[in-house]
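Please read the structure below before turning to the comments.
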Amino acid sequence: MAVIKKQNSKVRKDKNSKNIKKTLKTKTNPNTKKLTKHVIWMEKKGRVKKNNDLDLKEKFRKELEKKQFEPSMKMLIRITESIKQKGSRNKTTLSRDTKTNYTRLTKHVVWMEKKGLVESEIKNHSIAIALTSKGRFFVDTIL
């Protein structure tokens, strides 16, 4: 007979049962798959005792969330150079001009906004990215 454990809205069957572990589908963080693989790897290497507690997974999830985005210098140069040459651009056009993935470009633009290098402004029902004075100084210094 299988013993069922209930933890944080997830239901699992005990290891001793013949059935495979089953969990209820709940909304999860996109890093969950990466997190689970990391925990399994740590268990295989013997760095962590095999443990089904969610505390261990929560610990690694928090560590993954602490990591901050680190931009690529090549991308920063491409973006700022394109904006300087052609003026303020919307993200889609900017991603085409710099030949980069839209998601990757967005991450870089958000980072640049936090640093004060670019600013977003609404133009013709779209969001345009423009250089600030600090951004122009950055471009002139690098190039």
Side-chain angles (χ1 to χ4, degrees), residues 2-15 17 19-143:
V3 178
I4 298 176
K5 296 179 181 178
K6 192 171 185 179
Q7 296 175 339
N8 293 346
S9 76
K10 291 188 178 183
V11 176
R12 297 184 196 172
K13 295 207 173 183
D14 192 28
K15 282 184 177 180
S17 87
N19 297 330
I20 300 171
K21 291 181 192 176
K22 294 183 180 178
T23 58
L24 294 174
K25 290 187 178 180
T26 56
K27 292 181 180 178
T28 56
N29 191 348
N31 291 330
T32 305
K33 200 178 268 187
K34 185 177 180 181
L35 174 70
T36 307
K37 287 180 182 179
H38 186 69
V39 170
I40 292 169
W41 178 82
M42 294 284 282
E43 287 174 351
K44 284 180 182 176
K45 294 292 183 180
R47 295 184 183 173
V48 174
K49 292 180 182 177
K50 288 191 176 182
N51 192 352
N52 288 333
D53 293 343
L54 293 177
D55 296 335
L56 180 65
K57 291 182 181 179
E58 288 296 322
K59 180 182 173 185
F60 285 114
R61 181 175 291 126
K62 287 178 183 176
E63 284 181 25
L64 283 174
E65 289 174 357
K66 283 181 187 177
K67 291 184 180 178
Q68 293 181 351
F69 174 71
E70 295 177 11
S72 163
M73 195 62 179
K74 286 181 183 179
M75 281 296 302
L76 294 177
I77 291 170
R78 278 192 211 166
I79 294 167
T80 51
E81 193 174 26
S82 177
I83 295 172
K84 185 179 179 186
Q85 289 175 356
K86 299 179 182 178
S88 65
R89 319 287 285 162
N90 65 12
K91 289 180 187 176
T92 307
T93 309
L94 193 58
S95 105
R96 245 182 288 136
D97 291 346
T98 58
K99 298 177 183 170
T100 23
N101 183 352
Y102 181 84
T103 308
R104 186 172 181 201
L105 175 96
T106 303
K107 288 179 182 177
H108 280 80
V109 169
V110 168
W111 184 86
M112 291 170 74
E113 282 180 338
K114 287 180 183 176
K115 299 297 179 183
L117 301 174
V118 295
E119 61 185 5
S120 300
E121 51 189 41
I122 298 174
K123 274 189 175 179
N124 301 333
H125 305 290
S126 65
I127 300 172
I129 310 299
L131 284 175
T132 60
S133 58
K134 189 176 177 181
R136 284 188 203 93
F137 179 74
F138 174 76
V139 174
D140 293 337
T141 306
I142 290 177
L143 303 176

Looking at side-chain heavy atoms only, is the closest gap between D97 and Q85 below 4.5 Å? no

Is W111 close to L76 at the side-chain level, that is, under 4.5 Å between some pair of heavy atoms? yes

For residues 102-109, dump all side-chain donor-acceptor pairs below 3.5 Å to protein atoms at least two apart in sequence or in another chain.
from, atom 1, to, atom 2, distance (Å)
T106, OG1, Y102, O, 2.8
H108, ND1, R104, O, 2.9
H108, NE2, S72, N, 3.0

Rounded to the nearest 0.5 Å, how far apart are [atom1] of [X] and [atom2] of [Y]?
X    : Y    : atom1 : atom2 : answer
I79  : R89  : CD1   : CZ    : 13.5 Å
M75  : N101 : CE    : CG    : 9.0 Å
F138 : M112 : CZ    : CE    : 6.5 Å
I83  : I129 : CD1   : CD1   : 6.5 Å

Going by side chain to side chain donor-acceptor pair (under 3.5 Å), name the residues that satisfy it together with [X], two or more places apart in sequence or in a different chain.
X    : answer
E113 : S120
S95  : none
S82  : none
K123 : S88

Residues, nucleotides or ligands: over 12 heavy atoms within 6.0 Å of I122 CD1: no

Should the heavy atoms of other residues, nucleotides or ligands under 6.0 Å from CD1 of I127 be counted, would the total exceed 12? no

Of the non-hydrogen atoms in T80 and I77, which two are nearest, and what is the gap between them? OG1-O, 3.2 Å

Any donor-acceptor pair under 3.5 Å linking the side chain of R78 with the backbone of T98? yes

Contacts satisfying side-chain hydrogen bond (donor to acceptor under 3.5 Å, both in side chains) that involve residues 124-143 (not counting sequence neighbours) are K84-D140

